[in-house]
Colleague: 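Can you keep this structure in mind? I'll have questions shortly.
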Amino acid sequence: MPIYEFQCQECGETFEELVLGGRVEGIRCRKCQSEKVRKLMSACGFKSEKGFVSSVSSGACSGCAGGTCSTCH
Ligand SMILES: [Zn+2]
């Protein structure tokens, strides 16, 4: 899953976002809605994915972890 961790340049908030097709434009800070966010390269991996899966466990299948793939419905 293309889940990356971002950090807001405005307020310093860090958050994880699902990035489809490598597109990061349009991603905003969850706290202040600023678009000045940068991708944290070191965090794009398994640690983030585990946290993401546990937070959206309802409705998600093992294939997509987000409840949005074709096998979920
Ligand atoms: Zn922010």
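Just follow the structure's listing: the first ligand is 1, and inside any ligand the first atom is 1. Here the structure is a predicted model, which is why all the values come from computation and not from measurement.
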Colleague: Could you walk me through whether Tyr4 and Ile27 pass the side chain to side chain contact (heavy atoms under 4.5 Å, CB included) test, one step at a time?
Modeller: CA-CA 11 Å; Tyr4 298 101; Ile27 291 181; over 6 Å; no

Colleague: Could you report the tightest heavy-atom contact between Cys29 and Glu13, atom names first, then the distance?
Modeller: SG-CB, 3.9 Å

Colleague: Which atoms form the tightest heavy-atom contact between Val37 and Cys8, and what is the distance?
Modeller: CG1-CA, 4.0 Å

Colleague: Short of 2.8 Å from the Zn ion (ligand 1), name each protein N/O/S atom, waters not counted.
Modeller: Cys8 SG, Cys11 SG, Cys29 SG, Cys32 SG

Colleague: Could you tell me whether Glu17 and Arg30 make a salt bridge, using a distance below 4.0 angstrom between a side-chain N and a carboxylate O?
Modeller: yes

Colleague: When you look at Val24 and Phe6, which way does the side chain to side chain contact (heavy atoms under 4.5 Å, CB included) test go after all the steps?
Modeller: CA-CA 10 Å; Val24 298; Phe6 292 85; 4.0 Å; yes

Colleague: Can you tell me how far the CD atom of Glu35 sits from the CZ atom of Arg28, to the nearest 0.5 Å?
Modeller: 4.0 Å

